[in-house]
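Here's the structure we're looking at; comments come further down.
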Amino acid sequence: MDSPGVSGSLRNQLALTLIGGAAVLALLLFFAVRSYAVQVAQQGQNNILEASVTSMLDAAAIRDGRIELDLPYAAFSMLATPADDRVFYAILQDGVHLSGYEDLAFSQGATGGNLMFEIGEMRGGAVQKISASRTLIGANNRTEVQIVLAQTQDALSETLDQISRNAALLGLGFFGLAAALSFWATSATIGQLGKLTSSVTRRGPQDLSPFTKPVPREMAPLVTSLNSLMGRLDQSLSRSEDFIAEAAHRVRTPLATVRSYAEATLQRVDKEENREAMRSMVKAIDESSRAAGQLLDHAMITFRADHLEREEIDLVVVARELVLRLTPIADMKDLSLTLRGDPHVPYSGDLVLIQNAVRNLIDNAMKYSPAEGAIEVAVALHPRPQIRVCDRGPGFPTDEIEALTTRFRRGANAANTIGSGLGLTIAREVAQAHGGQIELANQEGGGACVTLSF
Ligand SMILES: Nc1ncnc2c1ncn2[C@@H]1O[C@H](COP(=O)(O)OP(=O)(O)OP(=O)(O)O)[C@@H](O)[C@H]1O
Ligand SMILES: [Mg+2]
């Protein structure tokens with residue numbers, strides 16, 4: 001059977017999309033957590049710097065026209081960090097450096113009590129700077145004191161590294177979970193398709209009934225078109241079966257009529273050469289009638305073999321009926337036709353096919369046996385249900401025996417008999433359709449034996 005072209009895999013496509021989505025979400029999660037952590041940590045440092053600079057400014061006072069500033073110990077101790085971050089400070093009076101680090105500058109000048117933050121660099125390290133100012137009023141002057149405070153960010157970046165690691169782990173965990181979920185979701189989705197496929201596969205070839213099991217909504221159109229296809233197939237199959245039966249009838253009936261006219265004419269013709277012509281005509285009619293019959297039978301068998309109609313039958317009964325029906329024909333040739341074997345051989349098979357096969361075997365035995373021969377039909381249950389037809393004729397031509405069951409193949413011994421070479425083909429196909437086989441053999445004392453085992 002042809003398998004369809006394959007373009008990609010739905011499972012991979014689905015899994016890739018879901019896992020790709022999960023990866024993007026995991027990255028987003030990582031960056032969102034990290035940037036939020038940066039904000040919170042920076043805010044924390046800023047708050048401490050602000051508290052520290054405010055307490056320093058609070059300690060500033062003006063005495064005798066000079067600024068006096070005792071930096072409170074607490075202002076520095078609150079800036080202590082686990083990473084021993086360094087702290088720099090500068091005190092300016094009206095914009096003029098007063099004490100602390102001279103190289104600690106702030107880009108903007110202090111403006112009336114405002115707090116300002118700035119990121120900068122100090123002694124080769126990144127620092128967070130804060131600047132605050134306060135106006136001091138003395139006895140006869142007012143002056144502006146500004147404090148700039150800077151702190152390195154080692155502790156902060158350590159915390160951030162730690163948070164980044166945790167966020168990365170969180171992202172990875174999320175990704176793993178999402179990947180597992182997408183595999184599960186993919187299998188569950190594809191599983192539905194698999195179920196439908198296996199229920200189509202499990203059906204016997206004769207089962208063309210529609211699918212009624214519920215399927216997911218997305219698959220319903222597929223099942224609907226599958227059902228309609230099977231409906232059409234069923235219809236066209238039964239139409240061909242009717243056609244074969246009709247054709248057989250229409251071909252055989254007029255041929256039989258022509259034959260009887262020819263026979264009748266033959267009786268009335270006296271001239272020998274005319275009689276010879278009439279005889280040839282009758283033979284040709286017999287041949288075409290046989291060929292048409294066998295061809296149509298073969299077509300019917302090919303058709304039915306695809307969808308066997310099995311029923312409980314007794315092979316002995318089948319054989320007996322055929323023997324009874326064919327005895328008159330055997331009698332005309334003085335042949336004895338006998339049945340022997342087991343009394344009952346129950347079997348579940350297609351009656352029409354088995355009848356057809358066995359009739360062809362008995363037909364051969366009668367056709368190829370010399371007059372007054374004995375034909376035996378034996379039915380046995382063991383080792384497998386089987387029907388054997390044996391005659392006492394010349395037997396099969398030994399060099400051709402392998403090929404005789406092929407279509408239209410006739411043996412060298414069949415030159416003077418009417419036939420189309422389909423009888424054994426039919427018998428073989430019937431046996432094979434039932435899972436059985438046909439066996440051709442010659443008997444020791446002479447004669448052919450054909451065994452159909454099911
Ligand atoms: N009982 C038999 N004894 C000897 N030869 C046989 C016997 N049965 C079949 N054969 C040989 O096998 C050949 C094939 O048989 P098969 O029944 O398929 O075709 P057929 O009898 O020639 O034609 P038909 O289709 O009309 O039956 C025959 O032509 C004949 O040579
Ligand atoms: Mg035959």
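Given the structure is predicted, the values throughout are model-derived calculations rather than measurements. In listed order, ligands and their atoms are each counted from 1.
For ligand 1, the atoms lying closer than 4.0 Å to a non-hydrogen atom of Gly411 are 13 (C), 28 (C), 29 (O), 30 (C), 31 (O). Annotation for ligand 1: atoms under 4.0 Å from non-hydrogen atoms of Arg290 are 24 (P), 26 (O), 27 (O). Near Gly395, the atoms of ligand 1 lying under 4.0 angstrom from a non-hydrogen atom of the residue are 4 (C), 5 (N). Short contacts between ligand 1 and Ala448, defined as distances under 4.0 Å to a heavy atom of the residue, involve ligand atoms 1 (N), 2 (C), 3 (N). Close contacts of ligand 1 with Leu424, meaning ligand atoms under 4.0 Å from a residue heavy atom, involve 9 (C), 12 (O), 14 (C), 15 (O), 16 (P), 17 (O), 18 (O). Taking every non-hydrogen atom of Ala414 and a distance limit under 4.0 Å, the qualifying atoms of ligand 1 come out as 29 (O), 31 (O).
Salt-bridge formation is not detected for the pair Arg325/Glu321: no Lys NZ or Arg NE/NH1/NH2 atom is positioned less than 4.0 Å from an Asp or Glu carboxylate oxygen. Using a 4.0 Å cut-off between charged side-chain N and carboxylate O, Glu287 and Arg290 make no salt bridge. One finds a salt bridge joining Asp103 and Arg123 here, because a Lys/Arg side-chain nitrogen approaches an Asp/Glu carboxylate oxygen to under 4.0 Å. A salt bridge links Asp297 to Arg359: at least one charged side-chain nitrogen sits closer than 4.0 Å to a carboxylate oxygen.
The protein heavy-atom contact nearest to atom 23 (O) of ligand 1 is Gly421 N, 2.8 Å. Distance from atom 10 (N) of ligand 1 to its nearest protein heavy atom, with residue and atom name: Phe396 CE2, 3.5 Å. Tyr368 CB, 3.5 Å is the protein heavy atom nearest to atom 3 (N) of ligand 1. Scanning the protein for heavy atoms near atom 17 (O) of ligand 1, the closest one is Asn364 ND2, 2.8 Å. The nearest heavy-atom contact from the protein to atom 12 (O) of ligand 1 is Leu404 CD1, 3.4 Å. The closest protein non-hydrogen atom to atom 31 (O) of ligand 1 is Asn413 OD1, 2.6 Å.
Classified by interplanar angle (parallel below 30°, tilted 30° to 60°, perpendicular above 60°), the ring pair Phe454/His434 is perpendicular.
Within a 6.0 Å radius of CD in Gln267, other residues, nucleotides and ligands contribute more than 12 heavy atoms. In Phe174, the CZ atom is crowded: over 12 heavy atoms of neighbouring residues, nucleotides or ligands sit closer than 6.0 Å. Crowding of Phe303 atom CZ: a count of heavy atoms from other residues, nucleotides or ligands under 6.0 Å exceeding 12. More than 12 heavy atoms of other residues, nucleotides or ligands lie within 6.0 Å of CD in Glu272, so this atom counts as buried by the packing criterion. Within a 6.0 Å sphere centred on OH of Tyr261, heavy atoms belonging to other residues, nucleotides or ligands number 12 at most.
One option in Arg409, Arg410, His298, Arg428 has a heavy atom closer to atom 22 (O) of ligand 1 than any other, and that option is Arg410. Nearest to atom 24 (P) of ligand 1 by heavy-atom distance, out of Glu287, Gln294, Glu400, is Gln294.
Between Thr425 and ligand 1, a contact under 3.5 Å exists for no N or O pair. Residue Gly423 has at least one N or O atom closer than 3.5 Å to an N or O atom of ligand 1. Checking only distances, Leu422 does come within under 3.5 Å of ligand 1, N or O to N or O. The shortest N/O to N/O separation between Ala412 and ligand 1 does not fall below 3.5 Å.
Within the 2.8 Å limit, Gln294 places no N, O or S atom next to the Mg ion (ligand 2).
With a 4.0 Å cut-off on non-hydrogen atoms, Asp391 touches ligand 1 through its side chain and not its backbone. The backbone and the side chain of Ser420 each have at least one atom closer than 4.0 Å to an atom of ligand 1 (non-hydrogen atoms only).
Side-chain contact of Gln153 with Gln42: a donor-acceptor pair under 3.5 Å is present, judged by distance alone.
Cation-pi geometry between Arg203 and Phe211 is met: the NZ or CZ atom falls under 6.0 Å from the ring centre, inside 45° of the normal.
No donor-acceptor pair under 3.5 Å is formed between the side chain of Asp154 and the backbone N or O of Asp85.
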